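One structure is given below, encoded as structure tokens.
Please read all numbers here as calculations on a predicted model, not as lab measurements. Computation of the quantities below employed the complete heavy-atom set of this structure, encompassing side-chain atoms and omitting hydrogens, waters and symmetry-equivalent molecules. Every chain is numbered from 1, with letters handed out A, B, ... down the list of sequences.
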There are 2 protein chains.
Amino acid sequence: MKISTAESVVMGALWAREPLSAEDIAADVAEGQGWSDATVKTLINRLLNKGAIAAERDGRRYLYRPLVAREAYVEAESQGLLDRLFDGKLAPLVSHFSQTGALTPEDIAELKKLIEGFEP
Amino acid sequence: MKISTAESVVMGALWAREPLSAEDIAADVAEGQGWSDATVKTLINRLLNKGAIAAERDGRRYLYRPLVAREAYVEAESQGLLDRLFDGKLAPLVSHFSQTGALTPEDIAELKKLIEGFEP
DNA sequence: TCTTCATGTTTACACCCGTAATCGTTGGCT
DNA sequence: AGCCAACGATTACGGGTGTAAACATGAAGA
């Protein structure tokens with residue numbers, strides 16, 4: 001199940017708060033994306049069709065909730081990138097970011113703490 | 001300049017070895033992708049049109065070489081993912097991989113070495 | 001020189017994606 | 001009971017992508 005980037009914005013709203021009506025989603029998402037309500041409705045429907053979210057009737061409208069967990073999505077995306085660009089290895093990725101100067105001292109400190117936590 | 005995933009496979013061949021003829025690329029790439037020669041030709045042409053590679057005549061054929069550096073592509077892709085999924089911060093990404101159990105002891109050792117290298 | 005083969009160029013086509021308008025239905029108000 | 005507004009469903013459409021065939025051109029061999 002492939003979730004497109006536009007669709008993932010809608011998923012983002014549902015991952016943050018759940019369940020939401022179409023109106024809620026549009027409110028959350030239209031700002032910042034500049035989408036019309038119609039666009040949000042289309043995305044909701046595509047997500048429904050591919051089974052990424054579920055709809056449950058609530059009076060005259062539906063409430064939507066995610067069926068795909070955020071973790072699963074993040075996992076698929078980041079593993080894909082790691083495999084495609086870094087031969088599946090994490091260290092080269094970290095090394096890459098260190099070389100492009102994208103690491104603040106806080107990042108480094110946090111990473112260090114993390115890594116030490118891994119040690120048995 | 002957006003390089004699609006299929007196109008990036010062709011770029012991959014050129015980043016590994018350069019310059020290459022269309023035939024070379026097809027040989028490198030068709031295996032593993034299951035593409036016909038025609039498909040590879042199309043991708044080469046699209047890359048030419050968007051200026052991602054250059055062609056230089058070599059007798060009856062052309063030799064191709066990348067104009068976009070692998071580093072630039074990797075940078076754009078991975079920064080994009082980091083921003084979209086991890087709020088631009090590296091530590092959560094590393095943490096994510098540690099939790100999904102994708103880290104071998106060698107990975108950890110290598111990361112540790114890296115991080116220590118960052119320290120002043 | 002004529003034909004054939006290799007190589008690059010053009011065209012094709014179905015599907016996905018971003019973006020949206022229109023249609024249809026149903027509950028609520030008058 | 002009839003009309004209106006809200007909401008979801010259907011349809012639209014241009015552009016990109018994956019995949020590939022058809023066409024053109026020029027060089028090499030017969």
Side-chain angles (χ1 to χ4, degrees), chain A residues 1-14 19-68 73 76-77 80-81 84, chain B residues 1-14 19-68 73 76-77 80-81 84:
Chain A
M1 159 160 9
K2 181 75 178 58
I3 292 176
S4 83
T5 54
E7 287 162 359
S8 82
V9 173
V10 168
M11 294 302 289
L14 290 172
L20 293 180
S21 70
E23 193 181 13
D24 294 336
I25 296 176
D28 269 23
V29 141
E31 105 201 51
Q33 233 68 25
W35 290 340
S36 86
D37 286 10
T39 300
V40 175
K41 302 234 188 114
T42 300
L43 294 173
I44 291 175
N45 255 281
R46 288 186 181 163
L47 287 168
L48 269 177
N49 286 338
K50 54 178 81 168
I53 67 180
E56 134 207 5
R57 185 144 235 135
D58 170 53
R60 61 179 146 265
R61 44 145 137 235
Y62 285 96
L63 295 182
Y64 303 94
R65 65 179 68 250
L67 291 182
V68 171
Y73 176 72
E77 292 288 304
L81 179 108
R84 275 195 304 118
Chain B
M1 160 162 8
K2 181 73 177 61
I3 292 177
S4 83
T5 54
E7 287 162 0
S8 82
V9 173
V10 169
M11 294 302 288
L14 289 171
L20 293 179
S21 69
E23 192 181 16
D24 294 336
I25 296 176
D28 270 21
V29 141
E31 104 199 50
Q33 233 69 23
W35 289 341
S36 85
D37 286 10
T39 299
V40 175
K41 302 233 189 114
T42 299
L43 294 172
I44 290 175
N45 254 282
R46 288 185 181 164
L47 287 167
L48 269 176
N49 286 339
K50 54 178 80 168
I53 66 179
E56 134 208 5
R57 188 145 234 135
D58 170 54
R60 62 179 145 263
R61 46 147 141 226
Y62 283 97
L63 294 183
Y64 302 94
R65 64 179 67 249
L67 291 182
V68 171
Y73 176 73
E77 292 287 304
L81 179 108
R84 277 194 303 119

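At whole-Å resolution of the value, CG in A:L20 and P in D:dG8 are 12 Å apart. Look at CG on B:D37: it is 11 Å from P on C:dG8, rounded to the nearest Å. If you take CD of B:E23 and C1' of C:dC5, they are 12 Å apart, rounded to a whole angstrom. For the pair B:W35 CH2 and D:dG18 P, the interatomic distance rounds to 7 Å; values are reported in whole Å.
In this structure, CD1 in A:I44 is found 11.0 Å from CE in A:M11, a value given to the nearest 0.5 Å. Note that CD1 of A:I3 is 8.5 Å distant from CD of A:E77, once rounded to the nearest 0.5 Å.
For the OP1/OP2 pair of C:dC16 and a distance below 4.0 Å, the side-chain nitrogens and oxygens of A:S4 include no atom meeting the criterion. The phosphate of D:dG18 has OP1 or OP2 within less than 4.0 Å of a side-chain N or O from B:T5.
Note that the two end axes of the helix from C:dT1-D:dA30 to C:dT30-D:dA1 enclose an angle of 30°, each drawn from 5 base pairs, rounded to 10 degrees.
Not a single donor-acceptor pair under 3.5 Å links the side chain of B:N49 to the backbone N or O of B:R46. Under the 3.5 Å distance criterion, the side-chain polar atoms of B:S21 are matched with a main-chain donor or acceptor of B:D24. Under the 3.5 Å distance criterion, the side-chain polar atoms of A:S4 are matched with a main-chain donor or acceptor of A:E7. Side-chain atoms of A:K50 come within 3.5 Å of backbone atoms of A:K2 as a donor-acceptor pair (strictly under, hydrogens ignored).
The number of heavy-atom neighbours closer than 6.0 Å to CD of B:E23, taken from other residues, nucleotides and ligands shown, is 12 or below.
The side chain of A:S36 sits closest to C:dA21 out of C:dA21, D:dG18, C:dG18. Across D:dT17, D:dA20, C:dG18, the shortest atom-to-atom separation from the side chain of B:K2 is found for D:dT17.
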Please tabulate, for the side chains in residues 53-68 of chain A, all donor-acceptor contacts under 3.5 angstrom to protein atoms that are two or more places apart in sequence or on a different chain.
unit_1 : atom_1 : unit_2 : atom_2 : d
A:E56  : OE1    : A:R65  : NH2    : 3.2
A:R57  : NE     : A:G59  : O      : 3.4
A:R57  : NH1    : A:Y62  : OH     : 2.8
A:R65  : NH1    : A:E18  : OE2    : 3.0

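Against DNA chain D, the stretch residues 41-66 of chain A makes heavy-atom approaches under 4.0 Å through A:K41, A:N45, A:R46, A:R61, A:Y62, A:Y64.
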Apply side-chain hydrogen bond (donor to acceptor under 3.5 Å, both in side chains) to B:N45 and B:T42, showing your working.
-> CA-CA 5 Å; B:N45 254 282; B:T42 299; over 6 Å; no
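Positionally, the nearest nucleotide of DNA chain C for A:I3 lies more toward the 5' end than for the other of A:T39 and A:I3.
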